[in-house]
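Note that the coordinates shown come from a computational prediction; the quantities given were computed from them, not determined experimentally. To find a chain, count down the sequence lines: A is the first, B the second, and so on, and within it residues start at 1.
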Amino acid sequence: MRRLSRKKTRFTILKFTIFFLVLFTTFGIVLGAWYMRYLDEVVSAKFDGRTWEFPSRIYSDTFLMYPGMNLRPEDLEAKLLRLGYRETNSKLRASGDYRVLKREGRAEIYLHNFQYPLGSFKGFPVRLILRSNTIAKILNLQSGKEIFSLELEPELVTGLFDRTWEERRLVTLGEVPPLLTRAILSIEDERFYHHWGIDPIAVLRAFAVNIRRGGIVQGGSTLTQQLMKNFFLGSEQTMGRKIKEALMAIVAERNYSKDEILENYLNEIYLGQKGAQGIFGVWEASKFYFGKEPSQLSVGEMGLLAGLIKAPNRYSPYRSVKVAAARRDIVLGKMFEEGFITRVQFERSRKEVIRPREFVKLANDAPFYVDFLRKELAESYSSQVLTSEGLRIFTSLDLQLQALAGKSLAKGLKLLERSYPHLRESGKKDRLEGAIVVIKPQTGEIKAMAGGRDYQKSQFNRVIQARRQPGSIFKPFVYLAALIYGSEDGAIRYTPATLVEDSPFTWSYEGQEWVPENYKEEYYGLVTFRKALEKSLNSATARIASEVGIKKVRDIAYRLGLQGPLPLLPSLALGAVEVTPFEIARAFSTLANNGVRTNPLAVKQVINQRGQVLEKRDVQVKKVITPRAAYLINHLLKGVLDRGTGRGVRRRGFYRPAAGKTGTTNDTRDAWFAGYTPDLLAVVWVGFDQQSELGLTGAQAALPIWTEFMKKATAGNPVTDFNQPSGIEFIDIDPLSGYRATPNCPRVVREVFFKSEAPTAFCPLHPSPITIKGTAASGFLPWPLSHTAR
Amino acid sequence: MGMRRERFSGALGAKLFRCRILRILILFVVLAMVQACAPTRPSPSSEFRTRIPPRGVSSEAKAQKPEGELKTRGPIPDEGSLVAKIDSRTSPQRAVSLRLTEEGKRLIKSGQYAKAMVQLEKTLAIDSSNPYVHYYLAKAHYHVTHYRESLDFLDVAESHLTDQRYWLAKVQSLKGENFHALGFLNRANSSYAKALRLNPKNREASEGLARTQREIRFPPRR
């Protein structure tokens, strides 16, 4: 009975055991099937969706070279290195090679291929004949013909990315040389075409090696497993991760062909680091390590590239040529063993010398400019698009000018703090800051921008965000309005020789009175229109503005390019409004460009990954004042630099034809300098963000920074002057009377006038019998002069 | 008999006279119809162009003086290659600028307007006083229907080309094309007329003038 009961109990246990076993197995199978289905979906989504995130890349402007252009070999070399060209001692062999033969006065470059927004460029070798830092001739070495202009591709400035910057260019399997694929397979997964995602033989082999060596020295992961790890998993060494990796590999192998997996691998694999940029995929790595496209690689270079996969930074030729060569030789050995290369190829490739190279780390040298671009682009593209769609953004940025602008500003501010200790005192609570913006007046291209002295400490871009009083820098708009319109009642036509009263003056306007005062309350009495501007005399300027009418002054300021609100108040004439350095730069560039206003241009073209142009921004011009009015005001502003408040520019050694104006606010909280040659304009502002008193004039604080920048920025460029348009004439006058000079005038100056507006009468202060004979009686006018402004 | 003959001949004359008027009237109607049905760009030899001077252009007759008389006011050069303007005195910037402008011109001719614009904008940065670059930029903008931008460039070109009547005529003619495209027929008319005063041989201007005048008189149905 007991035996029967025990038997029954055993049977019940067995029954339950079987039941639970079946239950668990079924549950396991269902769960496993569900998990595999989940993995299947994940893997398929990655493969089919190709969800790589491509940062947008920002490029500088291209670099145009032509015969007659000044070019120092060292500048050319620096540019080529930044563009990823590699120096060679022998003949140019492949795209990206260059050599500079200073003694022989020539440079040879094998130009890169480059995909421009409106077409692709196929590189060819060229020779530049250089004579005393000038390009004498450019030859196409392929055709032997002379060429008259040559463009170097734009430089990559930075990428716009979300968390990490993965630099990658996708390639199809057909674009990768088969030998490179074989090299990778031979060292990473020689049985790739024979396994189904995991390779038990490789696992056993690795296990045996690791046991023998007493540690983990070899892995048994297949290429598919590596891809799954890179796609979905972290680098943690756990059993769970390994199992997941294996399962995913199986799923991938079941759903996709070997070639599809291999293509994804060749694009996904991490192959090094260049500053903030991670180098991913064989195309990008080939460019980074050798400056070549994969199709141009030698067998040795392919071996080196394949060898890098295991530990890109350890085997990097940038780090150690010796270590890189040893690793390359291992790969070459494997390739030879597998029969992918012949013995001759093997031997020759092992002898290939890996030249030690310094890579130019990509650092964003134009952070304020890039912020400005982001702001501009945000109007058309979402942040998500900008950081993941791999747009290529071509800009007006000139990296050389940008570096100069940034350095000049930082150095200039430091020098100011050293020369004026009170700036450091104020700086404890409010640091001395500055801004510089550089524009090409002819096109409106923004060539450089530094919105502060240190981007790491303050990202506030003072070029576009700081609204400050311009002070005297506004005066040229008053003088231009006077030259164009004359006095409101039509009684006075202003010329540079018109005499203006500079004495204490009260301007009554809409029931209120305004009394402008000169700097240090110094008054000059009767002065010429020119002198009033050159010396930046407040009282004389206010008188002119009152005669012309503040509306006309405002009209001119708007026409030139100011955009913010300008109140119709007398104090506007002396710059009692708030503007940004950017607005000032725009307005002055209209003067530099002979009265033609341009739209500031930073973004030129935007193209997507397929090379389609999404956006093209053109140079836009608008003739807003006549060339002769622009010439006249430029001539007056040249005088500011030669004799006036801006003469420090000349003292500091900048002698090119240039025009400019200093600006200081009454409370000396803002110091400005806006100046330009016919080809380049720069505006500098110096002050404190919290409006602490600067106690310095524009000539003391901003002018030195401007001069330092312009001296370097224009060095080597041909000297050009402002073109004289028709309708302009030069007449010798007596600066005291403002009339035509006589032989008796002790001082004579050659003054510029609109044709038909030059004084016809001779100087009444120093009459000469000769001029009396030669002039009509009406040639002399009684003193005080009838053309003196009231 | 004589009387009858006289009376007869008088009646016949009257009939004939009426007939002539009729014929002339018919001729005018036919001419008007031909004109209305003519293509928008009549051939340069169209008589209509020279017969009807534009309104308000008092000096139009002067502008159409014989060639010999015009020559006394300065030669009108042929439009050759801009590269031909380069000589030993040309500055390197101007030289490269002229070459690039010529390249831009070639791109416009081949219909590659966007490329031409990029090329010409580069040229502008090298030498903005090159008077031809603004003209060709205007032309490229015109072709991509940026008429206002084109007019802006033409304004600048005009101030650079003060002494070159041949080029000024081209500028005015292109202004006319832009105004016409924008629907400002009177302004187009005036620009074409100015172009013809500067260079009576400017074909575009003469065609444009005829077309615009026709459209002013017989506004096309919109």
Shortest non-hydrogen contact from Lys440(A) to Ala125(B)?
CE-O, 3.0 Å

Can you measure from CG (Asp152(B)) to NZ (Lys622(A)) and round to the nearest 0.5 angstrom?
4.0 Å

Taking Lys122(B) first and then Glu151(A), would you say they form a salt bridge - that is, a charged N and a carboxylate O separated by under 4.0 Å?
yes

Interchain contact, His146(B) with chain A, by part (heavy-atom threshold 4.5 Å):
side chain

Under a 4.5 Å heavy-atom cutoff, which of Leu118(A), Val613(A), Asp61(A), Thr62(A) has the most pairs with chain B?
Leu118(A)

Can you tell me how far the CD atom of Gln442(A) sits from the CG atom of Asn130(B), to the nearest 0.5 Å?
12.0 Å

Stepwise, does the side chain to side chain contact (heavy atoms under 4.5 Å, CB included) test hold for Glu121(B) with Lys604(A)?
CA-CA 11 Å; Glu121(B) 283 172 3; Lys604(A) 285 179 152 183; 5.7 Å; no

Answer yes or no: is there a side-chain heavy-atom contact under 4.5 Å between Lys623(A) and Glu158(B)?
no

Flag if over 12 foreign heavy atoms under 6.0 Å of NZ, Lys79(A)
yes

Hey, are the side chains of Leu100(B) and Tyr66(A) touching, using non-hydrogen atoms and a 4.5 Å cut-off?
no

Heavy-atom distances under 4.5 Å only: say whether Pro725(A) touches chain B with side chain, backbone, both or neither.
neither

Show the numbers, then the answer: is there a side chain to side chain contact (heavy atoms under 4.5 Å, CB included) between Val118(B) and Lys616(A)?
CA-CA 10 Å; Val118(B) 171; Lys616(A) 180 179 172 294; 3.5 Å; yes

Just so I understand: if I count every heavy-atom pair under 4.5 Å between each of Asp127(B), Asp155(B), Val96(B) and chain A, which residue has the most?
Val96(B)

Flag the one option from Leu151(B), Thr162(B), Leu120(B), Val156(B) with the top tally of heavy-atom pairs under 4.5 Å to chain A.
Val156(B)

Tell me, side chain or backbone of Asp618(A) under 4.5 Å from chain B's heavy atoms, or both, or neither?
both

Should the heavy atoms of other residues, nucleotides or ligands under 6.0 Å from CD of Gln605(A) be counted, would the total exceed 12?
yes

Turns out that what part of Leu137(B) lies under 4.5 Å from chain A's heavy atoms comes down to neither

Does the side chain of Ser159(B) come within less than 4.5 Å of Asn594(A)'s, by heavy atoms?
no

Does Lys638(A), at its NZ atom, have more than 12 non-hydrogen atoms belonging to other residues, nucleotides or ligands within less than 6.0 Å?
yes

Interchain contact, Val596(A) with chain B, by part (heavy-atom threshold 4.5 Å)
side chain

So what's closer than 4.5 Å to chain B heavy atoms on Asn593(A): side chain, backbone, both or neither?
side chain

Counting only non-hydrogen atoms closer than 4.5 Å, does Thr134(A) touch chain B with its backbone (N, CA, C, O), its side chain (CB onward), both, or neither?
neither

Check whether Glu103(B) gets within reach of chain A through its side chain, its backbone, both or neither, counting any heavy atom under 4.5 Å.
neither

